[in-house]
Protein chains: 2
Amino acid sequence: MKKVTINSVASHAGVSKKTVSRVLNNEPNVSAATREKVLAVFKELDYTPNPIARGLAQNRSFIIGCLYDNPSKSYITRVQTGALEACKENNYNLLIHPCEFRGEALINNIEQLLQTSRLDGIVLTPPFGDFAELASFLKSKKIPYARVASALLQDDSISVRSNDEQGAFEITEHLINLGHKSIAFIKGHPDHSATQQRFKGYRRSLASHGIEFDERLVEEGNFSYHSGVDSARSILDLSPRPTAVFASNDYMAAAVLKLATQRQLKVPDDISIAGFDNAPIARHIWPGLTTIAQPVEEMTKQAVTQLISHIAQPQEQPYQVTLESRLITRESTSAIK
Amino acid sequence: MKKVTINSVASHAGVSKKTVSRVLNNEPNVSAATREKVLAVFKELDYTPNPIARGLAQNRSFIIGCLYDNPSKSYITRVQTGALEACKENNYNLLIHPCEFRGEALINNIEQLLQTSRLDGIVLTPPFGDFAELASFLKSKKIPYARVASALLQDDSISVRSNDEQGAFEITEHLINLGHKSIAFIKGHPDHSATQQRFKGYRRSLASHGIEFDERLVEEGNFSYHSGVDSARSILDLSPRPTAVFASNDYMAAAVLKLATQRQLKVPDDISIAGFDNAPIARHIWPGLTTIAQPVEEMTKQAVTQLISHIAQPQEQPYQVTLESRLITRESTSAIK
DNA sequence: TGACATTATGACACCGGTGTCAGGAATTTA
DNA sequence: TAAATTCCTGACACCGGTGTCATAATGTCA
């Protein structure tokens, strides 16, 4: 079984390799008869073009890179799933590149990545989408990129996000409507734009009900489970204890739940807990977490799809979309007694 | 800023491109003086070889594919982490390829993958490592592969695993030593070789203590949280109720815990629960799950490292290694009252 | 110091595609 | 029906590396 290349197809079909290339790329100026003949040989020889050779000729790799630095494994896999769907549909492949967000080394790290892999484009997942230096670096290198779940910017970048502020507003409304007035809040990682957004939504809801904002109820987390434990400790030690806790993601909410349970508190009877993201853990624990579901896969899929079409046709308009999130109520929140 | 290629380096250094290539690949037969000169130009021009061109010339892609079909997102990310470490050290990149294990389509799917990405090698994660047809297909295509966490085979494949049978034995011993005699068992997915191994370890421990095996205590799961819920229901409905449950992974164990808690059972006072894998959820819930920790990252890293060196030097011996797992006791198991 | 082995280097083809351009065939227009 | 236009097609260079082989330079030994 020897290799089938464009040359073997060409000689088999009795045409030049250029003509085969034309058929391959659906270029015009090929007679119907010739096209048929070549296509038949494709089938007969079971030919698939070599993407590496194609890449060399066109200076493309047909690979998209996915950057992330996120403690939530479920979030990462959701991002990957969405990105993979888009790649599959466009015959691209996905290269994953976890790397540390902080530090001087980041830009060097990315530069190295670009030099060794010749990516055609990059998806920036939180918090990378909000890092202006990185964006301008990529621009200077002429590497197309797309931002997922990052802040809305008035620029020409591809960006797909969901409305974190609104989601946080709705879940706080849900708690307030259940009668809660003393609602603690655990912030996310300061590098993530979602952190500010969710905090804003929380405050907007309080304000719209005339509930005074109390900063003693606010803890600084960083989206990790561990930070949730620390924050939970401070919150549960408060006196009077808040009747509800809204954590900026489900891992931190799960940490609050664990600590509360350890302390013999009944959830939601003694304290209501709400999270954000609808991570798997939200339904794997008892009581299940009330949370906000975001279409992470869909966001990433759209972003990558746009990125790929931008690579093919760079003159397009910026694609900036905000998708809907939705409230999911489970057992961890209930009306105040 | 125009592109730096081997040609620009060559003309800059006043040597032929072949000599540059020799320096690049640390080939012999280059005088020290020439080598120095070329290396200096590398630095001066900030040259990095184009992996695509190199790939075309050598018919390699410098990409390893990672196959998986696993409901556990944390397992997937651990596998990815290990694989990425090995890739990084060897200037390889990782392509992820989730796909359905079942069905005729699998081989076609993989064939397609190989044709469109020209992978240099493939890591087979559970359950793919145990699928003989796939292994022989890859052999026929001459694609090197490595098996992670799969059954021990008397063949020449690269394989890194941990001892599932022994792990299951130890955790069952732990329960028995706590005084449990009626220990329910939830099996994993039948396609995974670990499923049989863990079951074997469970039975060996029972037998070694003269506890009669009771198949009414055994439920068929499939490693998913959902299957754990179903199994838990059957187990908790048994009368007399077993005093302990050993689930073949932590997700199913978490499901048992959730259902037990919903039913007002105290864990571990009323029933002890043990899992397997030391997934994040094992420590994110209360009570934390007693479980078996396996070095998944390390297994995958070793497998990929071996795979890459095998690609470079195909004449090596089969590399078959079994790594140690270890028991982690948390709050979900306690002595029988 | 001459014969021979070894080392260093470059010319050139090649990997498998795509881009450019020239020229013949087919079609349209006058 | 001749001229002008458009459509097809292939020759050839090129993308940026590596492999082969010939030859020049150097080293070794008698």
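Nothing here was measured: the structure is a model prediction, and the numbers come from that model. Letters A, B, ... mirror the listed sequences (proteins, then strands); counts begin at 1.
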Novice: Side-chain contact, heavy-atom cut-off 4.5 Å: B/L114 with B/F137?
Specialist: yes
Novice: Going by distance alone, is a donor N or O of one side chain under 3.5 Å from an acceptor N or O of the other, for B/S74 and B/T77?
Specialist: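 No pair is found: no donor N or O on one side chain lies under 3.5 Å from an acceptor on the other.
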Novice: Given C/dT9, is OP1 or OP2 found less than 4.0 Å from the side-chain N or O atoms of B/T34?
Specialist: yes
Novice: Take atom CZ of A/R35 and atom P of D/dC8, then tell me their distance rounded to the nearest Å.
Specialist: 9 Å
Novice: Please tell me if the side chains of A/S159 and A/L153 come closer than 4.5 Å, counting only heavy atoms from C-beta onward.
Specialist: no
Novice: Using atom types as modelled and distance alone, determine if a side-chain donor or acceptor of B/H192 lies under 3.5 Å from a backbone N or O of B/A194.
Specialist: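 Looks like no, no N/O pair under 3.5 Å.
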Novice: Check the surroundings of atom CD in B/E44: do more than 12 heavy atoms from other residues, nucleotides or ligands lie under 6.0 Å from it?
Specialist: yes
Novice: Encode nucleotides 18-25 of chain C as B, S and - characters from 5' to 3', where the letter depends on protein heavy atoms closer than 4.0 Å: B to the base, S only to sugar-phosphate, - to neither.
Specialist: BBBB----
Novice: Check whether any side-chain N or O of A/S31 sits under 4.0 Å from OP1 or OP2 of D/dT9, and answer yes or no.
Specialist: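 It does, given that an N or O in the side chain of A/S31 lies less than 4.0 Å from OP1 or OP2 of D/dT9.
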Novice: Between the side chains of A/Q302 and A/Q306, does any donor sit under 3.5 Å from an acceptor?
Specialist: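 No, no side-chain donor-acceptor contact under 3.5 Å.
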Novice: In whole angstrom, give the distance that lies between atom CD of B/E36 and atom C1' of C/dA8.
Specialist: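 Roughly 16 Å, once rounded to whole Å.
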Novice: Output a table of donor-acceptor pairs, distance under 3.5 Å, between side-chain atoms of residues 52-60 of chain B and any protein atom two or more places apart or on a different chain; print 'none' if there are none.
Specialist:
from  : atom 1 : to    : atom 2 : distance (Å)
B/R60 : NH2    : B/Y92 : OH     : 2.7

Novice: Using a cut-off of strictly less than 4.0 Å, decide whether A/S16 has a side-chain nitrogen or oxygen near OP1 or OP2 of D/dT9.
Specialist: no
Novice: Calculate the interatomic distance between B/N29 atom CG and C/dA5 atom C1'; express it in whole Å.
Specialist: 13 Å
Novice: What is the minimum heavy-atom distance between A/T125 and A/L67, and which atoms define it?
Specialist: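 Here A/T125 and A/L67 meet closest at OG1-O, 2.7 Å.
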Novice: For a quick test of reading the model: is some side-chain N or O of B/N50 closer than 4.0 Å to OP1 or OP2 of D/dG16?
Specialist: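 Negative; the distance criterion is not met.
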Novice: Which residue pairs satisfy the salt bridge (charged side-chain N to carboxylate O under 4.0 Å, His left out) criterion with at least one member in residues 10-22 of chain A, sequence neighbours excluded?
Specialist: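 Listed once each, the pairs would be none.
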Novice: Whole angstrom is fine here: how far is it from CG in B/N59 over to C1' in D/dG17?
Specialist: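 B/N59 atom CG is separated from D/dG17 atom C1' by 13 Å.
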Novice: Donor-acceptor pair, distance only, cut-off 3.5 Å: does the side chain of A/N70 make one with the backbone of A/S72?
Specialist: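 It does hold such a pair.
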Novice: Using rotation axes that map the C1' atoms of four end pairs onto the next four (five pairs an end), what angle separates the end axes of the helix from C/dT1-D/dA30 to C/dA30-D/dT1, to 10°?
Specialist: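 Helix axis angle between the two ends: 30°.
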Novice: Got a sec, which pairs hit salt bridge (charged side-chain N to carboxylate O under 4.0 Å, His left out) with one end in residues 86-98 of chain A, sequence neighbours left out?
Specialist: A/E89-A/K301
Novice: Judged by each residue's nearest nucleotide on DNA chain C, which is more toward the 5′ side, B/V15 or B/L56?
Specialist: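 Result: B/V15.
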Novice: Do any of residues 37-47 of chain A sit with a heavy atom less than 4.0 Å from DNA chain D, and if so which?
Specialist: none
